[in-house]
Amino acid sequence: MGDGTSETKSSNKMWGGRFAQGPDAIMEEINASIGFDKKLFAQDIRGSIAHATMLAHQGIISAEDKDKIVHGLSTILSEIESGQFEFSRQLEDIHMNVEARLATLIGPAAGRLHTARSRNDQVALDFRLWVKEELQKTEKMLTALIAAFLDRAEEHAETVMPGFTHLQTAQPVTFGHHCMAYVEMFGRDRSRVRHAIEHMDESPIGAAALAGTGFPIDRHMTAKALGFREPTRNSIDTVSDRDFALEFLAIASICATHLSRLAEEIVIWSTPQFGFVRLSDAFSTGSSIMPQKKNPDAAELVRAKTGRINGSLIALLTVMKGLPLAYSKDMQEDKEQVFDSAESLELAIAAMTGMVRDMTIRADRMKAAAGSGYSTATDLADWLVREAGLPFRDAHHVTGRAVALAEQKGCELAELSLEELQAIHADITGKVFDVLTVEASVASRTSFGGTAPSEVKKQIAWWRGRN
Ligand code: ARG
């Protein structure tokens with residue numbers, strides 16, 4: 001942090017014509033983004049090479065100058081990659097750091113690179129390229145997570161477990177079906193990622209400061225060179241727009257929310273009380289004082305990182321709200337939120353993929369729990385509707401009485417005798433016991449998207465064809 005004294009410094013190279021004095025130390029500190037936007041170096045250099053190549057192609061700069069620029073930029077790229085580049089805070093950001101170094105390396109030709117360009121379209125380009133690449137990485141990571149769930153679902157298409165609502169035992173389901181619920185969630189996240197990539201697939205470069213340029217540039221050429229579908233269509237919007245960053249953060253928040261729900265389930269399932277899963281050593285920690293413990297730290301941290309990612313979305317929405325068109329320096333505050341969220345999201349997806357792949361499923365524990373808590377009560381009610389012709393509301397009432405009796409006797413529904421059941425409703429026959437087991441309950445739910453193993457296997461096959 002500077003001491004706030006306003007000693008005279010040499011004025012900035014880029015706008016020294018207008019400024020006699022350099023900035024106050026505090027000004028330099030608040031203004032500089034190099035500390036974080038150096039992450040954009042590869043995109044910045046790629047963008048500049050495409051721009052210089054187009055300028056030469058259009059006859060705006062000479063081929064010799066273009067060659068010098070491209071060669072100089074390639075040198076800078078390897079300097080940064082090998083850690084030899086010295087970043088300077090006085091040069092504010094990645095764009096000016098690269099340009100200043102280019103001037104040192106190739107002399108006056110460097111000054112021609114910024115023709116028909118502004119840092120406003122330059123930063124919009126660099127950041128958009130970065131976010132697009134990050135989303136491509138996210139898409140692959142989600143595919144791996146979905147694959148992990150598909151494998152577990154296949155393995156456990158027949159494994160019964162209690163299904164919950166209000167975290168109270170509701171109806172038996174299969175673990176495979178539960179896994180497939182996450183496949184649907186992460187599948188939606190992945191399709192949001194794909195749509196966002198499509199939305200942002202337009203090249204900002206050539207919008208210049210905000211109004212476009214009088215130089216005869218070819219924006220279609222730079223768009224193509226940089227892997228965009230086409231150039232953006234409005235120069236004012238182009239330098240004002242941070243929707244691509246907001247979309248990234250919104251997608252990250254929803255995905256992190258899904259990961260957090262999964263994390264919470266893993267925390268619950270791995271307690272000795274539930275004992276549905278055993279975590280691998282690779283994704284848990286021990287306690288320094290209690291030797292018996294195995295803690296689900298990775299899941300807990302994934303749950304917590306969601307807070308951080310959601311916070312970044314709100315932070316950037318708040319930065320952008322009320323900003324007049326076009327560029328304002330407020331927008332420099334977009335990057336740290338996105339960088340931090342990207343790192344957190346990558347870690348969270350990787351950790352959950354590892355946990356899902358590695359955890360041991362305790363089918364015996366799941367099955368025991370599946371049958372407790374009168375989880376087949378609905379099956380009894382459905383049987384009364386189907387076999388004894390009762391209206392569902394009456395069947396519900398009869399079943400309620402059977403549950404009350406079992407509760408009073410301290411037994412399960414299937415452990416009541418036929419006589420006891422017939423005392424509640426005379427039309428009940430011995431066949432009812434066929435639907436009171438959890439396996440029968442689960443196998444009967446063959447509606448599309450239901451929990452029957454036959455149905456779950458169909459859903460797995462559908463997803464296999466799309467993953
Ligand atoms: N460092 C700036 C940012 O991240 C680059 C654009 C600066 N443009 C300007 N007109 N000052 O937003």
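In what follows, residues are counted from 1 in the order of the sequence shown. Read the numbers this way: they start at 1 and go in the same order the structure lists the ligands and their atoms.
- Aromatic ring centres of Trp130 and Phe244: separated by at least 6.0 Å.
- There is a side-chain donor-acceptor pair under 3.5 Å between Ser341 and Ser312.
- Tyr327 OH, 3.2 Å is the protein heavy atom nearest to atom 3 (C) of ligand 1.
- A donor-acceptor pair shorter than 3.5 Å can be found between the side chains of Gln171 and Thr378.
- Side-chain polar atoms of Gln43 and Glu133 form a donor-acceptor pair below 3.5 angstrom.
- For Phe149 and Trp463, the gap between ring centers reaches or exceeds 6.0 Å.
- No N or O atom of Arg242 sits closer than 3.5 Å to an N or O atom of ligand 1.
- Near Lys335, the atoms of ligand 1 lying under 4.0 angstrom from a non-hydrogen atom of the residue are 3 (C), 4 (O), 12 (O).
- If you number the atoms of ligand 1 from 1 as listed, the ones under 4.0 Å from a heavy atom of Ser33 come out as 1 (N).
- For the residue pair Thr213 and Arg117, no side-chain donor N or O sits within less than 3.5 Å of a side-chain acceptor on the partner.
- Residue-ligand proximity, Asn120 to ligand 1, at heavy-atom distances under 4.0 Å covers atoms 8 (N), 9 (C), 10 (N).
- The contact set between ligand 1 and Asp93, taken as ligand atoms under 4.0 Å from a residue heavy atom, comprises 1 (N), 2 (C), 5 (C).
- Considering backbone and side-chain atoms together, Glu92 places no N or O closer than 3.5 Å to any N or O of ligand 1.
- Listed by atom number, the atoms of ligand 1 under 4.0 Å from Gln332 heavy atoms are 1 (N), 2 (C), 3 (C), 4 (O), 12 (O).
- Counting protein heavy atoms only, atom 11 (N) of ligand 1 is closest to Arg119 NH2, 3.4 Å.
- Between His95 and ligand 1, no N or O atom pair is found at a separation short of 3.5 Å.
- There is no side-chain donor-acceptor pair under 3.5 Å between Gln337 and Glu333.
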